[in-house]
**Student:** 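One structure coming up, written as C-alpha cells, with questions to follow.
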Amino acid sequence: MASFLPRAGLRAFTALPRATPLTRVTFASKLPRTQPFSQPLARRFLATVPQEQPRIRLGSTAPNFKATTTHGEIDFHEFIGDSWAILFSHPADFTPVCTTELGAFAKLKDEFDQRGVKMIGLSANDLGSHDKWIDDINEVSNTNVQFPIIADADRKVAFLYDMIDQQDLDNIAEKGIAFTIRSVFIIDPSKKVRLTMMYPASTGRNSAEVLRVIDSLQTADKKGIATPINWNVGEDVIVPPSVSTEDARKKFGEVRELKPYLRYTKY
C-alpha cells in the first residue's frame, strides 16, 4: 500500500469496501464508516490514488507519463528528447503566487533555451482553465507563455512525482482532494533526476536560483568539478576530493589550496 499515506489512513484505505468504490472513509478509532462524497471530482480522485508511491531520488529515472497539455498530448520522455528539462508544479490556476511565477519563467525562456533546457509546467486544473489563465499571466507579466502546462485535475502526475502536501493527505477523507505543492524537478538528457526543490504554497520560487543550479550541474558534468556556495558562472570552482592536486594542476593549471580537501581552480 502506498507509503505516502499516514498509518491511520493506510488502515482506512485497506478497509475500504470493494463493492462501494464511490465512498470516502471517515477516520475513527474503531472501524471506518463510509459516506458518499458530495463532489464528483473527489470520487474520481479517490479512485486514482496509486497503490505504491515511487521513490524519486537524485539519480533515479524520472517517471514517464502521458498527459494532456496546453500544447497537446505528450509523452514526457519523448518531450524531453535529448535536452535537459525542468518540470515545475503549481497548486492551482488563477492563484496569485503561481501567476507571478509562470510570468517570471516565461520571461526567462531565452535563458533556458541557451542552456538547452525545455520547460514544462503543471497545475491541478483542466485544460480550459489553463488557457484562460495564460491570458492573465501574459497580461500581468507583460510576457508570452510559450511552454506547455500539464492539465492535472485528477492529480495523477502530482502523485506520480509526490507533489502532495502531507497535511492534505492526512485530511483527505474530509477534503476529498489534495492540492499540488510547488515542486521543481531538473532532469538531464538521460532522463535522470538531477535536482529537486519543494516549496510550500505560500512561498514563491526564485527563478534565478533555478538557472544557477542548472549552470552548476552542466558545468560539473562538462568539467568534472564541483561548485561552492552561491557560485555563479565565471567564478572559481572546487576540485573534487577524488582528484589529486597534481592531476588537478595538469588538468586545470593553477590550483589554490586552502586545505588538502578544499582546493579552488578556474575552468
Side-chain angles (χ1 to χ4, degrees), residues 56-63 69-71 74 76-77 79-93 95-124 130 133-134 137-138 140-150 152 157-158 160-165 180-223 225-235 237:
I56 301 181
R57 300 185 175 119
L58 297 186
S60 65
T61 300
T69 78
T70 52
H71 289 193
I74 66 158
F76 187 50
H77 282 190
F79 168 81
I80 297 172
D82 296 326
S83 302
W84 288 70
I86 169 174
L87 168 64
F88 52 105
S89 62
H90 302 270
D93 295 359
T95 52
V97 178
C98 299
T99 300
T100 64
E101 287 188 326
L102 279 172
F105 278 105
K107 286 185 172 181
L108 289 173
K109 182 181 183 302
D110 290 344
E111 294 287 345
F112 284 102
D113 287 346
Q114 290 172 17
R115 293 161 172 80
V117 180
K118 293 180 178 178
M119 290 187 289
I120 184 167
L122 176 147
S123 187
H130 284 1
W133 184 36
I134 288 173
I137 296 166
N138 290 337
V140 169
S141 299
N142 191 26
T143 188
N144 180 22
V145 175
Q146 299 181 48
F147 51 83
I149 302 175
I150 297 166
D152 195 38
V157 180
L160 184 63
Y161 276 77
D162 199 16
M163 307 180 199
I164 301 295
D165 185 278
T180 305
I181 61 174
R182 302 183 198 286
S183 301
V184 177
F185 296 89
I186 296 177
I187 302 164
D188 68 19
S190 63
K191 316 303 183 295
K192 301 298 182 183
V193 175
R194 300 297 300 277
L195 184 138
T196 65
M197 303 177 187
M198 302 285 181
Y199 295 76
S202 60
T203 302
R205 285 164 280 211
N206 186 325
S207 56
E209 172 63 5
V210 175
L211 283 172
R212 192 190 75 84
V213 296
I214 289 172
D215 286 336
S216 173
L217 290 168
Q218 293 183 342
T219 302
D221 284 359
K222 292 176 182 176
K223 304 294 183 179
I225 51 81
T227 59
I229 186 170
N230 297 328
W231 176 87
N232 284 288
V233 172
E235 298 176 350
V237 296

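This one's a predicted model, so the numbers in the text were calculated from it and none came from an experiment.
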**Student:** Do you see a donor-acceptor pair shorter than 3.5 Å between the side chains of Lys192 and Ser60?
**Tutor:** no
**Student:** Are the side chains of Leu211 and Phe112 in contact, using a 4.5 Å heavy-atom criterion?
**Tutor:** yes
**Student:** Indicate the atoms forming the closest heavy-atom contact of Trp133 with Cys98, along with that distance.
**Tutor:**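 Result for this residue pair: CZ2-CB, 3.6 Å.
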**Student:** Where the side chain of Asn232 meets the backbone of Arg212, is there a donor-acceptor pair that is under 3.5 Å apart?
**Tutor:**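 No, Asn232 side chain to Arg212 backbone: no donor-acceptor pair under 3.5 Å.
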**Student:** Taking all non-hydrogen atoms of both residues into account, name the closest pair between Gln146 and Lys109 and its distance.
**Tutor:** OE1-CE, 3.5 Å
**Student:** What's the shortest heavy-atom distance between Pro200 and Arg182, and which atoms?
**Tutor:**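 Answer, listing the atom of Pro200 first, then Arg182: O-NE, 3.5 Å.
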**Student:** Taking all non-hydrogen atoms of both residues, which atom of Met198 and which atom of Asp162 are closest, and how far apart?
**Tutor:** CE-O, 4.2 Å
**Student:** Please report the closest heavy-atom contact between Thr203 and Glu101, naming both atoms and the distance.
**Tutor:** O-OE2, 4.3 Å
**Student:** Taking all non-hydrogen atoms of both residues, which atom of Ser123 and which atom of Ile149 are closest, and how far apart?
**Tutor:**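 So the two residues come closest at N-CG2, 4.2 Å.
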**Student:** Do Ser89 side-chain atoms and Ser183 backbone N/O form a donor-acceptor pair below 3.5 Å?
**Tutor:**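 Answer holds: yes.
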**Student:** Parallel, tilted or perpendicular: which one describes the rings of Phe88 and Phe105, with boundaries at 30° and 60°?
**Tutor:** parallel
**Student:** I'd like to check the ring-ring contact (aromatic ring centres under 6.0 Å, His included) partners of Phe79; sequence neighbours left out, ordered by chain and number.
**Tutor:** none
